[in-house]
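Shown next, in structure tokens, is the structure this report addresses.
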Amino acid sequence: MTGELSPIDKAKYVAAKRSVDFIEDGMRVGLGTGSTAAWMVRCLGELVREDGLKIKGVPTSTRTAELAREVGIEVISLDEAKWLDVTIDGADEFDANLNLIKGGGGALLQEKIVATASDQMIVIADIGKEVEHLGAFPLPVEVIPFGWQTTKSLIEELLINMDVLGRDATLRMNGDRPFVTDEGNYIVDLHLARIGQPHRLSMALNQMPGVVENGLFLDICDVVILGFGDGRVETRDINDGSIAKDRIDFVESENLFADLDD
Ligand code: 5RP
């Protein structure tokens, strides 16, 4: 199975593998969503099953909850946990200030609530996610279904006065129906090419009736762990400015590499 993994998947795996070194007995851990976060959940599950690691996990989507239970992690709700020690999640883009675009997988609302309720947010990513300016990846905006077309038109109007290069907005689809989030909402993807003032844009979007949340994660992420296809890992901490580099040996493990469908 590992022989078939692409360099990107290897990069995601080594970033995930390094991230679980941050987890200690007794921690309440936010579990992100997406293919990179799925590697992390598998790595954590292995530590729970084989090393007796004792943690409680708060998933950020129904699919992460299913995977976490499957690999042996005790799953609790955010309301049961109240506050988390750390959240580990993937990202679609991150910049030098560790500001992010998230929501490519459609889980941005729960992801932002969970990350914000954590002492620390760690992002795991391959090198392709690093950008100079946010915005090449379409910015997801979660909107309530009621009046979504009106909300979309208002968002398009708002973008005229924003520091962005593109202004197209598209409803995310799942086949021939709108994609529906875990919270029963729709997602409008904004094709902005480059976001000049992310804080201003994020605040303006979230003030609109009908908008629930947007995928800009600003001043939330503390650490990015970057994985490379050859096993190198770089850990960047925005709080102390440190950059640590090391390498993870890629060892085949049937339990980890079987049946990843995310
Ligand atoms: C899901 C997310 C994911 O973290 C993001 O889309 C990255 O996914 P992947 O690790 O599969 O590249 O925000 O809502």
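As the structure lists them, so they are numbered: ligands from 1, and atoms in each ligand from 1. Computed from heavy atoms alone, side chains included, the values below leave out hydrogens, waters and symmetry copies.
Side-chain atoms of Arg194 do not come within 3.5 Å of backbone N or O of Leu134 as any donor-acceptor pair.
At least one cation-pi condition fails for Lys129 and Phe94: the charged atom is not both under 6.0 angstrom from the six-membered ring centre and inside a 45 degree cone around its axis.
Ligand 1 places these atoms under 4.0 Å from at least one heavy atom of Lys12: 12 (O). The distance from ligand 1 to the heavy atoms of Gly106 drops below 4.0 Å at these ligand atoms: 14 (O). The ligand atoms of ligand 1 that sit less than 4.0 angstrom from a heavy atom of Gly103 are 2 (C), 13 (O), 14 (O). Near Gly104, meaning under 4.0 Å from any of its heavy atoms, are these atoms of ligand 1: 6 (O), 13 (O), 14 (O). Of all the atoms in ligand 1, the ones that sit under 4.0 Å from a non-hydrogen atom of Gly34 are 11 (O). Ligand 1 places these atoms under 4.0 Å from at least one heavy atom of Asp92: 5 (C), 6 (O), 7 (C), 13 (O). Set against the non-hydrogen atoms of Thr33, the atoms of ligand 1 under 4.0 Å away are 1 (C), 2 (C), 3 (C), 4 (O). Close approach of ligand 1 to Asp89 is summarised as follows: ligand atoms under 4.0 Å from at least one heavy atom of the residue are 4 (O).
With no hydrogens or angles considered, a side-chain donor-acceptor pair links Thr64 and Ser61 at under 3.5 Å. Counting only N and O atoms by type, the side chains of Asn214 and Ser202 include a donor and acceptor under 3.5 Å apart. Judged purely by distance below 3.5 Å, without hydrogens or angles, the side chains of His199 and Asp219 pair a donor atom with an acceptor atom. Defined by atom type and a distance below 3.5 Å, a donor-acceptor pair is present between the side-chain atoms of Asp182 and Thr62. Counted by atom type alone, Thr87 and Asp89 present zero donor-acceptor pairs between their side chains at under 3.5 Å.
A salt bridge is absent between Arg167 and Glu157: the closest approach of a Lys/Arg side-chain nitrogen to an acidic carboxylate oxygen does not fall below 4.0 angstrom.
Every side chain to side chain donor-acceptor pair (under 3.5 Å) that Asn185 has, sequence neighbours left out, goes to Glu142.
Not a single heavy atom of Gly32 sits under 4.0 Å from any atom of ligand 1.
Contacts with ligand 1 closer than 4.0 Å are made by no heavy atom of Ala125, backbone or side chain.
With distances taken over non-hydrogen atoms, the option nearest atom 9 (P) of ligand 1 out of Ser35, Pro140, Gly105, Gly90 is Ser35.
Looking at Arg63 next to ligand 1, no N or O pair under 3.5 Å apart turns up. Some N or O of Ala107 is nearer than 3.5 Å to an N or O of ligand 1, by distance alone.
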